[in-house]
Amino acid sequence: MASAEAHSAHNYHPLPIVVASAEGAWMTDVEGRRYLDMLAGYSALNFGHGNRRLIDAAKAQLERVTLTSRAFHHDRFAEFCARLAELCGKDMVLPMNTGAEAVETAVKTARKWGYRVKGVPEGRAKIVVAAGNFHGRTTTIISFSTDEEARADYGPYTPGFEIVPYGDAAALRAAVTDDTVAVLIEPIQGEAGVLVPPPGYLAGVRELTRERGVLFIADEIQSGLGRTGRTFACEHEGVVPDVYLLGKALGGGVVPVSAVVADADVLGVFRPGEHGSTFGGNPLACAVGLEVVAMLSTGEFQARATELGDHLHAELNLLTGAGVVTEVRGRGLWAGVDIAPGHGTGREVSEKLMDRGVLVKDTHGATIRIAPPLVISKEDLDWGLDQLRAVLA
């Protein structure tokens with residue numbers, strides 16, 4: 001830790017633990033102490049650490065070919081795109097690497113679609129976003145962030161975005177104009193504290209965007225791929241957006257894999273040379289991503305997240321009744337827990353849980369986020385909750 005402090009930029013404030021190995025829902029530090037992972041890499045590890053199917057898929061591909069660049073075809077690319085498109089009920093996939101790259105790609109897609117298809121005058125395209133959002137940390141993305149910690153000192157900022165309150169349907173409707181090309185939102189805001197919008201909000205976004213000829217872009221990078229008990233969080237309101245943004249769990253915690261998924265009338269706006277990525281859609285990423293899609297296609301992980309998620313929220317809500325927690329939010333195996341005043345900050349609670357062998361992470365002062373791998377056992381989940389109760393007692 002001292003060496004990392006001396007030789008790496010201080011853009012993170014990790015808990016004081018040095019992980020050496022991990023399996024399933026458990027991690028082991030360099031001194032041999034085990035910890036229950038209740039964060040799962042911010043949903044990148046939905047299928048657990050060292051998932052055998054994913055590791056085997058990666059190993060097999062490592063022996064064959066790992067990178068061709070998009071200058072050439074490779075034999076895993078077409079199948080990955082086809083299977084992921086099928087999972088999403090869409091026509092086409094544009095693979096990238098990180099979540100932020102997927103969001104940047106979506107911004108470019110929406111603008112190009114707005115000019116070429118909708119007919120917005122050049123240079124006037126607007127994208128409506130929600131306050132409290134977290135879509136990544138590139139210069140363009142932080143330009144429409146309301147988090148000053150993420151935004152300060154990085155100007156001048158990229159124009160073209162209109163920010164409205166999250167969950168406010170009336171404000172969203174008022175913000176959409178003839179120059180609006182897209183509404184970009186998280187179905188559940190993760191970094192903001194696992195904020196779930198009011199019932200009917202996502203359906204209202206879908207209705208409004210259809211009515212006004214605007215793309216509905218759902219950032220499902222954290223909320224998607226089984227986390228909430230559905231393949232996509234939008235499904236809780238029976239909503240299908242025009243564009244899905246995927247990442248994190250799409251690479252199974254093995255390699256960074258992200259994607260923009262939409263129909264041909266949207267992604268078909270791109271021509272060769274207009275956008276790209278050397279590593280996007282590489283053979284190793286496609287091999288792992290294909291296995292992730294196959295695992296999700298069974299419905300097993302979604303069902304598990306529903307069952308264990310109901311149990312998680314029932315137990316956490318008891319803490320609200322006990323007065324040690326002020327609010328619990330979330331869906332499936334995903335929760336934001338606001339710690340009551342006098343029981344510690346989110347950071348302090350996270351550190352005390354670490355001392356008891358449980359790993360979570362704080363956000364925005366008094367909130368901790370709980371998002372264990374979907375493979376966690378009920379017994380381990382209950383043990384982790386027991387440690388939380390003990391810390392807050």
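Residues Val328 and His313 share a closest heavy-atom pair of CG1-ND1, 3.8 Å. When every heavy atom of Arg227 is checked against every heavy atom of Ala371, the shortest pair comes out as NH1-C, 3.4 Å. Closest non-hydrogen pair, Ser350 versus Asp362, comes out as OG-N, 3.5 Å. The minimum heavy-atom distance linking Val194 with Gly330 is given by the pair CG1-CA, 3.6 Å. Taking all atoms of both residues into account, the shortest heavy-atom contact from Gly41 to Lys248 is O-CD, 4.5 Å. Closest non-hydrogen pair, Gly132 versus Thr146, comes out as N-OG1, 2.9 Å.
Considering OG1 of Thr345 and CD1 of Ile339, their distance stands at 9.0 Å, rounded to 0.5 Å. One distance of note links CG of Leu245 with OG1 of Thr109; it measures 8.5 Å at 0.5 Å rounding. Here the CG atom belonging to Asp242 is positioned 8.0 Å from the CG atom belonging to Asp263, to the nearest 0.5 angstrom. A distance of 6.5 Å separates CG of Leu385 from CD of Glu315, quoted to the nearest 0.5 Å. Atom CD1 of Ile141 sits about 8.5 Å away from atom CZ of Phe161, to the nearest 0.5 Å. Between the CD1 atom in Ile142 and the CG atom in Asn133 there is a gap of 11.0 Å [rounded to 0.5 Å].
Here the options are Leu312, Thr228, Ile370, the test is side-chain contact (heavy atoms from CB on, under 4.5 Å), and the partner is Trp334; only Thr228 passes. Screening Lys112, Lys118, Arg111 against Tyr115 for a side-chain contact (heavy atoms from CB on, under 4.5 Å) leaves a single residue, Arg111. Checking Thr306, Leu333, Leu316, Leu381 one by one against His311, the side-chain contact (heavy atoms from CB on, under 4.5 Å) holds for a single residue, Leu381.
Between the side chain of Glu351 and the main chain of Glu348, no donor-acceptor pair closer than 3.5 Å is present. Not a single donor-acceptor pair under 3.5 Å links the side chain of Glu31 to the backbone N or O of Val18. Between the side chain of Asp380 and the backbone N or O of Ser377 there is no donor-acceptor pair closer than 3.5 Å. A donor-acceptor contact shorter than 3.5 Å is absent between the side chain of Arg230 and the backbone of His236. For the pair His73 (side chain) and Ala78 (backbone), a donor-acceptor distance under 3.5 Å is absent. No side-chain donor-acceptor contact under 3.5 Å links His49 to the backbone of Trp26. In this structure, the side chain of Asn51 engages the main chain of Arg53 through a donor-acceptor pair within 3.5 Å. Between the side chain of Ser143 and the backbone N or O of Thr158 there is at least one donor-acceptor pair closer than 3.5 Å. At least one donor-acceptor pair under 3.5 Å links the side chain of Glu186 to the backbone N or O of Phe134. Side-chain atoms of Asp91 come within 3.5 Å of backbone atoms of Ala264 as a donor-acceptor pair (strictly under, hydrogens ignored).
Residues that satisfy the side chain to side chain donor-acceptor pair (under 3.5 Å) test with Ser258, not counting sequence neighbours, are absent from this structure. In terms of the ring-ring contact (aromatic ring centres under 6.0 Å, His included) criterion, His343 has no residue partners (sequence neighbours excluded). Listed by chain and number, the residues in a side chain to side chain donor-acceptor pair (under 3.5 Å) with Glu5 amount to none (sequence neighbours excluded). With sequence neighbours excluded, the residues that form a salt bridge (Lys or Arg N to Asp or Glu O under 4.0 Å) with Lys378 are Asp382. With sequence neighbours excluded, no residue forms a salt bridge (Lys or Arg N to Asp or Glu O under 4.0 Å) with Glu235. Gln387 is linked by a side chain to side chain donor-acceptor pair (under 3.5 Å) to Arg356, counting only residues two or more places apart in sequence or in another chain. Judged as a salt bridge (Lys or Arg N to Asp or Glu O under 4.0 Å), and not counting sequence neighbours, Glu79 has no contacts. Under the side chain to side chain donor-acceptor pair (under 3.5 Å) criterion, Arg52 pairs with Asp56, sequence neighbours left out.
Below 30°, between 30° and 60°, or above 60°: for Phe301 and Phe47 the angle between ring planes is above 60°, a perpendicular geometry.
Atom CD of Glu149 has 12 or fewer neighbouring heavy atoms from other residues, nucleotides or ligands inside a 6.0 Å radius. Tyr154 OH: 12 or fewer foreign heavy atoms inside a 6.0 Å radius. Counting heavy-atom neighbours within 6.0 Å of Asn11 CG, excluding the residue itself, gives a total above 12. Annotation: Glu148, atom CD; neighbour count of heavy atoms from other residues, nucleotides and ligands within 6.0 Å is above 12.
The same ILVMFWY cluster, assembled from side-chain heavy atoms under 4.5 Å apart, contains both Val288 and Leu250. Taking hydrophobic clusters as Ile, Leu, Val, Met, Phe, Trp and Tyr residues chained together by side-chain heavy-atom distances below 4.5 Å, Trp113 does not share a cluster with Val261. At a threshold of 4.5 Å between side-chain heavy atoms, the hydrophobic network of Ile, Leu, Val, Met, Phe, Trp and Tyr places Phe232 and Val243 in two separate groups. Grouping the Ile, Leu, Val, Met, Phe, Trp and Tyr side chains by contacts below 4.5 angstrom, directly or via other members, places Ile55 apart from Val65. Val257 and Met96 end up in different hydrophobic clusters when Ile, Leu, Val, Met, Phe, Trp and Tyr side chains are linked at under 4.5 Å.
Note on residues 321-334: pairs passing salt bridge (Lys or Arg N to Asp or Glu O under 4.0 Å), not counting sequence neighbours, are Glu327-Arg329, Arg329-Asp338. Sorted by first and then second residue, the salt bridge (Lys or Arg N to Asp or Glu O under 4.0 Å) pairs involving residues 121-145 (not counting sequence neighbours) are Arg124-Asp179.
Clustering of Ile, Leu, Val, Met, Phe, Trp and Tyr side chains at separations under 4.5 Å places Val128 together with Val164, Tyr166, Leu172, Val176, Val183, Ile185, Leu195, Tyr201, Leu202, Val205, Leu208, Val214, Phe216, Val239. Clustering of Ile, Leu, Val, Met, Phe, Trp and Tyr side chains at separations under 4.5 Å leaves Leu45 isolated, with no partner residue.
You'll find the side chain of Arg70 stays beyond 4.5 Å of the side chain of Thr278, heavy atoms only. Contact check for Asn282 versus Thr66: no side-chain heavy atoms found under the 4.5 Å cut-off.
Using a 4.0 Å cut-off between a side-chain N of Lys or Arg and a carboxylate O of Asp or Glu, Arg369 and Glu191 qualify as a salt bridge. Note on Arg212 versus Asp178: salt bridge recorded, some NZ/NE/NH1/NH2 to OD/OE distance being below 4.0 Å. Salt bridge absent: Glu237 and Arg206 never bring a charged side-chain N and a carboxylate O closer than 4.0 Å. Of the charged side-chain nitrogens involved, at least one lies within less than 4.0 Å of a carboxylate oxygen, so that Asp75 and Arg64 count as a salt-bridged pair. Electrostatic pairing of Asp355 and Arg33 does not count as a salt bridge here, judged by no charged N lying under 4.0 Å from a carboxylate O.
Residues Ser43 and Gln222 have side chains that never bring a donor and an acceptor to within less than 3.5 angstrom of each other.
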How far apart are the C-alpha atoms of Lys361 and Ile368, what are their side-chain angles, what is the distance that settles it, and do they pass the side chain to side chain contact (heavy atoms under 4.5 Å, CB included) test? CA-CA 6 Å; Lys361 199 64 169 66; Ile368 61 170; over 6 Å; no
